[in-house]
Protein chains: 2
Amino acid sequence: MSRAKSPLADNTQAILRHWREAVPNDRLAHLVKDATRALLRALQMRLSAHSVSLGHWTFLRVLWEKDGLTQKELSERAGVMEPTTFSALKAMERFGAVTRSRMPGNRKKIFIYLTPKGRLLKAKLVPLAEEVNEIAIRSVKAADIAITRQTLLSIIENLARDEIETTVKEHRIPSTREWAERGVAIAKGKRGRAKKRA
Amino acid sequence: MSRAKSPLADNTQAILRHWREAVPNDRLAHLVKDATRALLRALQMRLSAHSVSLGHWTFLRVLWEKDGLTQKELSERAGVMEPTTFSALKAMERFGAVTRSRMPGNRKKIFIYLTPKGRLLKAKLVPLAEEVNEIAIRSVKAADIAITRQTLLSIIENLARDEIETTVKEHRIPSTREWAERGVAIAKGKRGRAKKRA
DNA sequence: ACTAAATTCTTAGAGAGCTAAGATGTTTGC
DNA sequence: GCAAACATCTTAGCTCTCTAAGAATTTAGT
């Protein structure tokens, strides 16, 4: 829909110049952020031709793998907070890609199912994402991609660990149970179930 | 101010689990996005103790290097669009970190200067960013960081090039001048000046 | 010199994300 | 068996970012 024109391209040019000129030491965050923007932008441009937004894509991708999940589960798998999930799914329901329904036996949980329309989008949309990926890593050695992947993973992990430690320190012992959950979660990669019983 | 507590940490755990479990092929974008979130979140948590938001940080960093720039220039250096710059600077002016003023000779351009308050923040804030960076890349080999940096740069570059080519194709020859600018810009990394004269 | 084009700032409105807190249900512990 | 604790969905409201379009001012072409 709103395909980018010159101002955007110019802006991207500015970013590129910027990075080619000076890449000092603390700027990793900035660089990662710009890469994210470039990737999301490329994807968004392609998705918009099918009236799908980035927010929808995030959940569609999860749902194509497995639907019939609750909003909570979807939030976890998509890696976003629940209110984000809530409004995205409301919009997707309006759009006709999913249904939200309660099941007999539990009137609180809401299960999300793809509609035929939502399911059909997969064949159209996945190739677009693959195209973006192909373009993005064109000319980059597979080994370098692997290293990048691992580095990013380490960054996420390091920061997550630090956040937990910092939070614990600030809380001054935030209940043994809470601490245990966290320790377990990071040490063994246990499922969220740890949360519900300790 | 709003220091993260358990829900957040849990969420980060979910993300980590997610990445440890399955890292298929197309998910680079997703991984980069999550790394961005982790980095920005860590920075934001620290900045908020000084009542500085991420949006302000973005511009402060540019201004500490050189102030007296126009909003347009600031947008380019910060890598965001002008309306974003506009509202961030308005807020920063209200906060007392910068002044926005016209100069005799040109009543259109607005020049941004740091106030003493804005200047003083540097000594407090820069160490926080360095701390985040140190934590993030802790345990990652310097060589791997270098490769990651280069890979991300290539990704940005590849996508920018593609966006330009795609846009050109769609426009069906979008005026020779425009095309030239873009070609030149990407080929030689020329300054934005190309824009104003071709 | 004066209109037309280009720049720059501004306004308006939307998307995607977050936190905090409210509502509504379900479980658990006495 | 019921009150308290917990879980899940929802609402409200904020941030950062973008695009599109309007307003003001400067530059350029004839």
Side-chain angles (χ1 to χ4, degrees), chain A residues 1-8 10-11 33-34 36-37 40-41 44-45 47-48 52-59 69-76 78-92 100-102 105-112 177 192-193 195-198, chain B residues 1-8 10-12 33-34 36-37 40-41 44-45 47-48 52-59 69-76 78-91 100-103 105-112 177-178 192-193 195-198:
Chain A
M1 221 159 247
S2 58
R3 194 67 163 223
K5 292 187 302 301
S6 49
L8 285 164
D10 287 344
N11 196 273
K33 182 177 161 192
D34 281 351
T36 298
R37 275 221 287 256
L40 294 185
R41 168 181 206 77
Q44 186 172 35
M45 280 173 16
L47 291 178
S48 69
V52 173
S53 70
L54 275 177
H56 295 188
W57 165 261
T58 303
F59 294 99
L69 300 168
T70 65
Q71 292 189 176
K72 183 84 193 300
E73 291 167 327
L74 237 17
S75 300
E76 283 201 7
V80 298
M81 295 289 109
E82 277 143 70
T84 304
T85 304
F86 174 73
S87 52
L89 289 173
K90 274 290 209 182
M92 290 167 76
R100 304 169 64 249
S101 50
R102 276 172 234 270
N106 191 320
R107 272 182 301 166
K108 185 165 54 168
K109 295 186 178 178
I110 292 198
F111 294 85
I112 311 296
R177 197 177 80 262
R193 331 244 33 274
K195 189 112 149 275
K196 319 180 171 164
R197 293 282 49 235
Chain B
M1 219 159 247
S2 61
R3 194 67 162 225
K5 292 186 302 302
S6 50
L8 285 162
D10 286 344
N11 196 271
T12 312
K33 182 176 163 194
D34 282 351
T36 298
R37 275 223 286 256
L40 294 185
R41 167 179 206 80
Q44 185 172 35
M45 280 173 16
L47 292 177
S48 70
V52 173
S53 71
L54 274 178
H56 295 188
W57 165 262
T58 304
F59 295 99
L69 299 168
T70 65
Q71 293 189 175
K72 182 83 193 301
E73 292 168 324
L74 237 17
S75 299
E76 283 201 4
V80 297
M81 297 287 110
E82 277 141 71
T84 304
T85 305
F86 174 73
S87 51
L89 289 173
K90 275 289 209 182
R100 305 169 63 250
S101 49
R102 275 171 235 269
M103 291 305 188
N106 192 321
R107 270 183 304 166
K108 187 167 50 168
K109 296 185 177 179
I110 292 200
F111 294 85
I112 311 297
R177 196 173 84 265
E178 204 178 343
R193 331 242 32 276
K195 189 111 150 276
K196 317 177 173 164
R197 289 282 52 236

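Letters go in sequence order (proteins before strands), and every chain restarts at 1.
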| Rounding to a whole Å, what distance do you find between B:Glu73:CD and C:dC9:C1'? | 14 Å
| message | Heavy atoms only, 4.0 Å cut-off, all strands: where does B:Thr85 land among base, sugar-phosphate and nothing? | response | nothing
For nucleotides 13-17 of chain C, list the nitrogen or oxygen atoms of the protein found under 3.5 Å from its nitrogen or oxygen atoms, one pair per line.
unit_1	atom_1	unit_2	atom_2	d
C:dA16	OP1	A:Ser53	OG	3.0
C:dA16	OP1	A:Leu54	N	3.2
C:dA16	OP1	A:Gly55	N	3.0
C:dA16	OP2	A:Ser53	OG	3.4
C:dG17	OP1	B:Lys33	NZ	3.2

| request: Measure from CD on B:Glu82 to C1' on D:dG22 and round the result to the nearest Å. | output: 14 Å
| said: Rounded to whole Å, please give me the gap between CG in A:Asp34 and P in D:dT17. | reply: 10 Å
| query | Starting at CG of A:Leu69 and ending at P of D:dT8, how long is that distance when rounded to a whole Å? | reply | 13 Å
| task | Check B:Gly79 against A:Arg37 and note the closest heavy-atom contact, atom names and distance. | result | O-NH2, 2.5 Å
Every protein N/O lying under 3.5 Å from an N/O of nucleotides 23-26 of chain C:
unit_1	atom_1	unit_2	atom_2	d
C:dT26	OP1	A:Asn106	OD1	3.4
C:dT26	OP1	A:Arg107	N	2.6

| said: For A:Ser53, give me all partners under side chain to side chain contact (heavy atoms under 4.5 Å, CB included), at least two apart in sequence or on another chain. | reply: A:His56
| query | Rounded to the nearest Å, what distance is computed from the CD1 atom of residue B:Ile112 to the C1' atom of nucleotide C:dC9? | reply | 10 Å
| task | Round to a whole Å and report the spacing from CD1 of A:Ile110 to C1' of D:dC9. | result | 6 Å
| Residue pair A:Thr58 / B:Lys33: nearest heavy atoms and the distance that separates them | OG1-NZ, 4.1 Å
| query | Where do A:Ile112 and A:Gln71 come nearest, in terms of heavy atoms and distance? | reply | CD1-CG, 4.0 Å
| Value in whole Å for how far the C1' atom of D:dC9 lies from CG of A:Leu74 | 13 Å
| query | Roughly how many Å is it from NZ in B:Lys72 to C1' in D:dT25, rounded to a whole number? | reply | 15 Å
| task | Respond yes when some side-chain nitrogen or oxygen of B:Arg41 is under 4.0 Å from OP1 or OP2 of D:dT15, and no when none is. | result | no
